[in-house]
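Presented below is the structure to which this report refers.
Naming: A, B, ... by sequence-line order, numbering from 1 per chain.
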Amino acid sequence: MELDLFNGLNSRQTEAVRHTQGPCMILAGAGSGKTKVLTCRIANLIVNEGVSPDSIMAITFTNKAAQEMKKRIRNMIPGYSGQWIQTFHAACYKILRMDIQHLGYDKNFVIMDDSDCKSLLKSTLKENQFYDVKAEDLLYPIKQMKNRLANPEEFFINMKLSLEMKEKYLQIYRAYSRQLKEINALDFEDLIVLCTKLFRNFPEVLEKYRNWFRYILVDEYQDTNMSQYDLIHCLAERNKNLFIVGDPDQSIYSWRGAEPHNIKRFLKDYPEARVIKLEQNYRSTGNILDAANHIINYNTGREDKHLFTDSGPGELITCFNAPDSFQEARFIAENISEALASEGCRYRDCAIFYRTHAQSRVIEEALTRRNIPYKIIGASKFYDRKEIKDILSYLRLVCNPNDILSFERIVNMSKKGVGRKTLDKIRTLAQEKALPILEVLNFTEEIAGLGQKSRATLEEFYGMLKYFTALNDGGSSLADLLDAVLETTSYKETLIKNDHLEAEARLENIHELRSLALEFEQNGGSGLEEFLAGTVLVQEADDVDDSDLVFMMTFHGAKGLEFSHVFMSGMEEGVFPSYRSESREEMEEERRLCYVGITRARKRLFLSHTVTRLLYGYERNNAPSRFLKEIPEGLLKIPAQRVYLHTPIQEGDTVLHRKFGPGNVLELREDGIIAIIDFERGGTKMMRLDMAPLEKIG
DNA sequence: AGGATTAACTTTTTT
DNA sequence: AGTTAATCCT
């Protein structure tokens with residue numbers, strides 16, 4: 001019996017889903033149903049072609065995309081495990097957990113996130129007394145070097161720096177690598193790079209995985225970097241069952257090491273590859289699509305690709321020029337209210353995009369004034385939060401007594417008395433004795449010049465960690481372990497004492513961490529190592545969910561999402577495109593970012609720009625974005641200039657003035673810009689409603 | 001050792 | 001403007 005996977009697919013999609021053997025590249029335009037194609041193809045392979053489910057590997061960039069794929073396939077094939085539908089990093093983690101010993105690492109390695117790496121670099125710089133090098137200056141080149149699988153010597157020598165600096169960089173890089181290895185830690189890049197090393201240097205290991213992964217699919221191929229390309233190529237080059245999906249026009253991460261060129265490289269490496277273009281868009285109205293097509297056509301050297309839709313032109317695109325960013329924000333708020341009232345949409349159908357997070361504050365304020373609920377996506381990540389990092393540091397130290405970063409983070413937390421000097425002594429002793437940093441605390445009497453107070457703190461800390469370690473070794477659950485940590489450290493009490501304002505939110509986060517631990521174990525996860533790896537690999541920020549709120553995010557954060565009403569704010573030269581994008585390549589990436597933004601919209605698109613904007617403490621007069629001029633005028637509708645008020649005010653309303661207190665609105669003049677108000681304190685005044693600090697209270 | 005002040009920045013951040 | 005890191009001061 002053939003599962004009907006082809007119902008509702010167009011001919012191109014069907015061709016893609018039916019593709020079974022050999023290399024294939026799908027050029028999938030925005031909203032053309034690429035996830036459908038990916039999931040249906042996997043289902044087709046399993047159900048109709050008899051392929052074993054676990055011999056299929058599907059790689060994504062985000063956990064969200066991986067989850068979504070698993071979910072959709074499970075809808076077609078109940079009980080499907082999808083254990084190799086993973087992000088690049090998670091898949092590599094799984095492989096390395098099985099085979100990293102070939103490379104001389106321990107199986108229980110830990111993963112360091114970027115802030116950990118930065119701290120590590122900082123301490124390395126200090127040790128070497130390189131005061132003229134900043135950790136950030138090194139972090140990016142090191143990542144870039146690893147992403148490109150470059151030779152360190154060559155890479156640093158080719159940097160545009162003085163010879164002395166190049167040598168310093170190389171020296172720090174070596175010290176950094178040594179230290180990572182010493183504490184049995186891998187950074188994000190290592191996960192990929194070490195996997196390729198494993199495959200290249202140990203043919204029998206590669207053979208095992210090649211036999212395992214008979215079919216490989218890669219999503220968002222335009223975002224792969226060189227090491228990721230190499231990884232996939234290693235696995236696929238023999239049987240060539242490689243199915244890649246990508247859209248060069250949505251490549252917006254080249255600044256992070258992605259090489260969109262990999263799409264062309266794929267065709268060189270697999271000249272026999274079948275290429276299928278998905279150009280029919282099922283998301284946006286004709287006008288929106290038209291605008292997107294016009295803009296992206298300004299980029300050079302594009303593959304010929306033109307999105308079309310069967311749906312009608314729809315509404316025109318609204319383009320508003322606001323006097324300042326405050327009125328731009330009110331324009332957005334008012335149009336959201338209007339859409340809710342007259343078009344029957346919900347808050348969650350609306351999204352506001354901006355180029356930088358700094359732009360969100362003014363908009364938030366306007367939404368709050370109108371009582372519009374909103375949620376900011378992607379601003380602060382859960383596992384980046386201080387309280388979470390603190391608590392996790394205890395667990396990490398239980399796992400890995402070498403974890404010097406976690407140690408330094410928490411050793412001075414509950415009881416004070418350990419500062420820079422003492423830490424230096426501990427570090428030195430650890431080196432002398434070649435002991436893990438934690439175990440040095442067993443020898444506090446050997447630390448010269450240690451005060452009574454410091455010693456007491458250290459000994460208590462050591463006892464605490466031994467207790468946690470015993471709990472973990474005794475097989476206690478993660479939730480119990482977390483409770484023990486919270487209890488013994490009095491973390492909550494300290495939090496409330498020191499941090500009245502944010503304590504509640506922080507406590508909530510700690511609670512959430514406990515839930516995550518419970519969930520991890522309920523889903524069959526086991527072991528502190530794997531849980532901790534998950535906390536690094538799943539950097540989940542606040543996510544678009546089922547709640548009925550307006551979503552606010554950067555253009556980058558909008559990729560992969562869709563909303564019926566989209567507001568693109570700050571469409572100004574210097575803001576979007578960013579003033580930092582100077583070269584043609586950078587400008588074209590900004591344009592692709594704009595293309596991504598526009599193609600998120602289903603029904604209505606609102607573009608706005610301002611005459612003057614307050615940004616970084618200065619008022620700036622920005623010209624309208626070049627992207628606005630790239631949209632044919634016929635697609636645009638320019639609303640009449642009007643003043644957007646904090647709150648719509650009518651005659652007879654009661655208002656509250658910041659200085660004069662409550663008052664009654666007697667009369668409105670000049671189309672409602674000017675009001676005559678009778679204040680209880682201060683008498684009758686005439687004021688401009690767009691300037692005055694007024695709130696409507698009745 | 002730890003709080004207080006000042007200087008230095010500020011694009012985007014899938015893992 | 002607003003945040004964060006580095007430095008100074010007690």
Side-chain angles (χ1 to χ4, degrees), chain A residues 59-67 86-93 111-119 122 126 131 134-136 139-140 143 146-147 186-192 219-220 222-225 227-228 250-258 325 353-362 377-381 383-384 386 412 415-423 451 453-454 457 498 533-541 543 553-561 570 574-582 586 589-590 592-594 596-597 613-620:
Chain A
I59 298 297
T60 64
F61 274 86
T62 67
N63 290 293
K64 200 167 72 184
Q67 291 314 116
Q86 294 286 356
T87 64
F88 267 105
H89 293 82
C92 288
Y93 173 75
I111 307 166
M112 297 263 184
D113 68 20
D114 286 357
S115 72
D116 293 335
C117 297
K118 212 169 117 184
S119 312
K122 252 185 209 162
K126 219 169 166 186
Y131 299 115
K134 275 184 256 153
E136 297 98 68
L139 192 65
Y140 181 71
K143 288 172 159 304
K146 292 189 182 187
N147 284 336
L186 269 58
D187 61 23
F188 281 132
E189 288 68 33
D190 287 338
L191 286 170
I192 316 282
D219 192 15
E220 305 280 16
Q222 75 283 352
D223 289 338
T224 54
N225 61 36
S227 66
Q228 289 159 341
Q250 291 188 68
S251 159
I252 55 175
Y253 284 108
S254 69
W255 53 275
R256 233 175 152 272
S325 37
F353 304 157
Y354 35 77
R355 182 68 236 274
T356 70
H357 285 295
Q359 291 164 248
S360 73
R361 190 175 296 259
V362 178
I377 306 298
S380 82
K381 285 177 186 153
Y383 291 112
D384 274 351
K386 183 185 171 297
N412 202 30
K415 287 268 194 307
K416 300 283 172 180
V418 180
R420 226 189 74 214
K421 284 263 165 63
T422 313
L423 282 178
K453 194 176 155 202
S454 306
T457 304
N498 296 341
T535 65
V536 187
L537 290 174
V538 184
Q539 294 269 334
E540 57 183 36
D543 203 2
M553 66 198 83
T554 62
F555 285 101
H556 284 88
K559 192 177 173 191
L561 303 173
V575 177
F576 192 27
S578 162
Y579 68 102
R580 306 282 290 247
S581 297
E582 285 163 343
E586 288 171 317
E589 182 146 313
E590 295 281 317
R592 291 193 292 270
L593 189 56
C594 182
V596 167
R613 172 182 300 278
L614 197 63
L615 201 61
Y616 304 136
Y618 291 98
E619 273 200 334
R620 301 167 52 152

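Look at CG on A/L593: it is 11 Å from P on B/dT12, rounded to the nearest Å. A/H556 places its NE2 atom 8 Å from the C1' atom of B/dT13, with the value rounded to the nearest Å. Counting to the nearest Å, the C1' atom of B/dT13 and the CG atom of A/L139 are 12 Å from each other. For the pair A/I252 CD1 and B/dT11 P, the interatomic distance rounds to 17 Å; values are reported in whole Å. Distance CG (A/N147) to C1' (B/dT14): 13 Å, rounded to an integer number of Å. Rounded to an integer number of Å, the gap from NZ of A/K134 to C1' of B/dC9 is 8 Å. Rounding to whole angstrom units, CG of residue A/L191 and P of B/dT15 are separated by 13 Å. Straight-line distance from the OH atom of A/Y354 to the C1' atom of B/dT10: 16 Å, rounded to whole Å.
For A/D187 (side chain) and A/D116 (main-chain N/O), no donor-acceptor pair under 3.5 Å exists by modelled atom type. Of the possible donor and acceptor atoms, none in the side chain of A/R355 sits under 3.5 Å from a partner among the backbone N and O of A/V575. Between the A/Q228 side chain and the A/F88 main chain, no donor and acceptor come within less than 3.5 Å of each other. Under a 3.5 Å cut-off, the side chain of A/Q67 and the backbone N or O of A/K64 do not form any donor-acceptor pair.
Residue contacts shown for A/K143 are absent, as no nucleic acid heavy atom lies under 4.0 Å away. A/T60 comes within 4.0 angstrom of no nucleic acid atom, judged by non-hydrogen atoms across all strands. Within the nucleic acid shown, A/N63 comes within 4.0 Å of sugar-phosphate atoms alone, with no base atom in reach, counting heavy atoms only. When heavy atoms are screened at a 4.0 angstrom cut-off, A/Y579 is found touching the sugar-phosphate backbone but no base atom. Among the heavy atoms of the strands lying under 4.0 Å from A/K381 is at least one base atom, whether or not backbone atoms are also near.
A residue-by-residue look at A/E590 and A/L423 shows that A/L423 has its nearest nucleotide of DNA chain B further toward the 5' end. Each of A/T62 and A/E586 was matched to the nucleotide of DNA chain B holding its nearest heavy atom; the match closer to the 5' end belongs to A/E586.
Look at A/D223 and A/K559 and you find a salt bridge, because one of the NZ, NE, NH1 or NH2 atoms lies within 4.0 Å of a carboxylate O, short of that distance. Salt-bridge check for A/E586 with A/R580: failed, with every basic side-chain N at 4.0 Å or more from each acidic carboxylate O.
With a 4.5 Å cut-off on side-chain heavy atoms, A/L593 and A/F576 count as touching.
Applying the 3.5 Å distance criterion, the base of B/dT13 shares a donor-acceptor pair with the side chain of A/R256.
Of the candidates B/dA1, B/dT11, B/dC9, B/dT11 carries the atom nearest the A/R355 side chain, counting heavy atoms from C-beta on. Side-chain proximity of A/D114 to the nucleotides B/dT12, B/dT15, B/dT14 is greatest for B/dT15. In this structure, of B/dT15, B/dT13, B/dT11, it is B/dT13 that holds the atom nearest to the side chain of A/H357. Side-chain proximity of A/W255 to the nucleotides B/dT14, B/dT13, B/dT15 is greatest for B/dT13.
Under the 30°/60° scheme for interplanar angles, the aromatic rings of A/F555 and A/F353 are found to stand perpendicular.
Dashed line: the shortest gap from a side-chain N or O of A/T422 to OP1 or OP2 of B/dA1 is under 4.0 Å. Distances shorter than 4.0 Å separate none of the side-chain N or O atoms of A/T356 from OP1 or OP2 on B/dT10.
A distance of about 15 Å separates the P atoms of C/dA5 and B/dT12, rounded to the whole Å. For the P atom pair drawn from B/dT13 and C/dT4, the interatomic distance equals 16 Å after rounding to whole Å.
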(Q) Assess the residue pair A/K143 and A/D114 against the criterion (side chain to side chain contact (heavy atoms under 4.5 Å, CB included)); give the C-alpha distance rounded to whole Å, side-chain angles, the decisive distance to 0.1 Å, and a yes or no. (A) CA-CA 10 Å; A/K143 288 172 159 304; A/D114 286 357; 2.9 Å; yes
Q | Protein-to-nucleotide contact annotation, 5' to 3' order, nucleotides 1-10 of chain C [B base; S sugar-phosphate only; - none; under 4.0 Å, heavy atom] | A | B-S--S----
